[in-house]
Amino acid sequence: MDKISFYEQVYQVVALIPKGKVTSYGAIAAYLGTKGSSRMVGYAMNQVHSLSLNIPAHRVVNRNGLLTGKFHFESPTKMQDQLASEGIIVEEDKIINFKAHFWDPAIALAL
DNA sequence: GCGTTGACGAGGA
DNA sequence: GTCCTCGCCAACG
């Protein structure tokens with residue numbers, strides 16, 4: 001297996017999220033086998049700024065479908081705008097019909 | 001090597 | 001149904 005850090009594993013999964021789809025931190029953590037470290041997924045996204053990677057972090061939200069990390073973007077409205085551009089309706093900083101747009105890496109990547 | 005940090009999740013009241 | 005508390009675990013300083 002690749003000797004990549006937990007961070008990079010998160011980045012790889014997030015980068016695989018198809019357009020118009022979203023997932024939760026816990027789902028990614030669970031896919032990586034560390035479902036207990038769902039916080040690490042979000043923490044990894046925080047470090048994305050330090051990297052030159054192109055990570056669609058706007059497609060990653062918490063289990064409530066809430067745009068918890070929108071303040072970590074260039075602009076708090078950027079995240080909602082990105083999702084809206086992909087056909088995902090966001091209102092009150094939360095994704096409408098979140099379940100319909102949910103993308104589970106454990107299923108999509110089909111281990 | 002240790003303590004702190006976190007864009008979370010689940011359970012309990 | 002909402003609000004609060006605990007746990008989780010890897011990276012950073």
Side-chain angles (χ1 to χ4, degrees):
Chain A
M1 301 304 283
D2 298 336
K3 293 181 175 59
I4 61 177
S5 300
F6 180 81
Y7 279 30
E8 296 188 48
Q9 295 183 55
V10 175
Y11 302 148
Q12 291 295 317
V13 175
V14 175
L16 293 174
I17 301 176
K19 180 182 177 183
K21 293 292 182 180
V22 292
T23 190
S24 63
Y25 303 97
I28 297 174
Y31 171 72
L32 296 177
T34 56
K35 64 179 181 181
S37 56
S38 52
R39 319 174 71 155
M40 305 288 70
V41 179
Y43 192 48
M45 306 310 304
N46 193 14
Q47 297 299 314
V48 167
H49 264 273
S50 300
L51 301 175
S52 301
L53 301 176
N54 183 16
I55 305 299
H58 60 275
R59 295 178 187 157
V60 185
V61 295
N62 67 351
R63 69 176 183 87
N64 298 313
L66 192 68
L67 308 187
T68 50
K70 69 171 189 171
F71 292 107
H72 293 261
F73 282 75
E74 302 174 65
S75 298
T77 56
K78 184 67 175 297
M79 189 173 186
Q80 179 177 336
D81 184 63
Q82 288 277 43
L83 292 171
S85 298
E86 298 182 0
I88 300 175
I89 302 173
V90 179
E91 189 173 286
E92 297 290 307
D93 296 336
K94 67 174 182 290
I95 297 175
I96 303 300
N97 199 1
F98 174 61
K99 186 177 181 181
H101 295 293
F102 186 74
W103 179 82
D104 191 342
I107 298 175
L109 300 181
L111 284 174

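The model shown is predicted, which means the values in this text are computed figures rather than measured ones. Here is how names work: the chains are called A, B, and so on, in the same order as the sequence lines, proteins then strands, and each is numbered from 1.
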Which donor-acceptor pairs under 3.5 Å do side chains of residues 32-40 of chain A form with protein atoms, sequence neighbours excluded?
residue: A:T34; atom: OG1; partner: A:S37; partner atom: OG; Å: 2.9
residue: A:S37; atom: OG; partner: A:T34; partner atom: O; Å: 2.7

- request: Using atom OH of A:Y25 as one end and atom P of B:dA10 as the other, report the distance to the nearest whole Å.
  value: 15 Å
- prompt: So, does A:Y25 use its side chain to make a donor-acceptor pair with the main chain of A:Y43 at under 3.5 Å?
  reply: no
field: Side chain A:S75, main chain A:K78, donor-acceptor under 3.5 Å
entry: no
statement: Readout for nucleotides 8-13 of chain C: B = base within 4.0 Å of protein heavy atom, S = sugar-phosphate only, - = neither; 5' to 3' it is BBBS--
task: Please report the closest heavy-atom contact between A:V14 and A:P56, naming both atoms and the distance.
output: O-CG, 3.4 Å
- request: Check the hydrophobic clustering (I, L, V, M, F, W, Y; side-chain heavy atoms under 4.5 Å; chains of links allowed) and say if A:V48 and A:F71 are grouped together.
  value: no
Listing time: all N or O pairs from protein to nucleotides 1-3 of chain C that are below 3.5 Å?
none

message: Students often get this wrong, so: under 4.0 angstrom with heavy atoms, is A:A57 touching a base, only sugar-phosphate, or nothing?
response: base
Please tabulate, one pair per line, all N/O donor-acceptor pairs under 3.5 Å involving side-chain atoms of residues 89-108 of chain A, not counting sequence neighbours.
residue: A:D93; atom: OD1; partner: A:K70; partner atom: NZ; Å: 2.9
residue: A:D93; atom: OD2; partner: A:K70; partner atom: NZ; Å: 2.5
residue: A:D104; atom: OD1; partner: A:A106; partner atom: N; Å: 3.0

query: What's the NZ-C1' distance between A:K94 and B:dC8, to the nearest Å?
result: 19 Å
Do any side-chain atoms of residues 59-68 of chain A form donor-acceptor pairs under 3.5 angstrom with protein atoms, and if so which ones, sequence neighbours left out?
residue: A:R59; atom: NE; partner: A:E86; partner atom: OE1; Å: 3.1
residue: A:R59; atom: NE; partner: A:E86; partner atom: OE2; Å: 3.1
residue: A:R59; atom: NH1; partner: A:I17; partner atom: O; Å: 2.6
residue: A:R59; atom: NH2; partner: A:E86; partner atom: OE2; Å: 2.9
residue: A:N62; atom: OD1; partner: A:N64; partner atom: N; Å: 3.2
residue: A:N62; atom: OD1; partner: A:G65; partner atom: N; Å: 3.2
residue: A:N62; atom: OD1; partner: A:L66; partner atom: N; Å: 2.8

message: Checking A:Q12 now: which residues fulfil side chain to side chain contact (heavy atoms under 4.5 Å, CB included) with it, not counting sequence neighbours?
response: none
query: Taking the side chain as C-beta and beyond, is there a heavy-atom pair between A:Q80 and A:F73 under 4.5 Å?
result: no
message: I'd like to know if A:Y31 and A:I55 are part of one continuous hydrophobic network [Ile/Leu/Val/Met/Phe/Trp/Tyr, side-chain heavy atoms within less than 4.5 Å].
response: yes
Sub-4.0 Å heavy-atom contacts from residues 62-85 of chain A onto DNA chain B, ordered by number: A:N62, A:R63, A:T68, A:G69, A:H72, A:F73
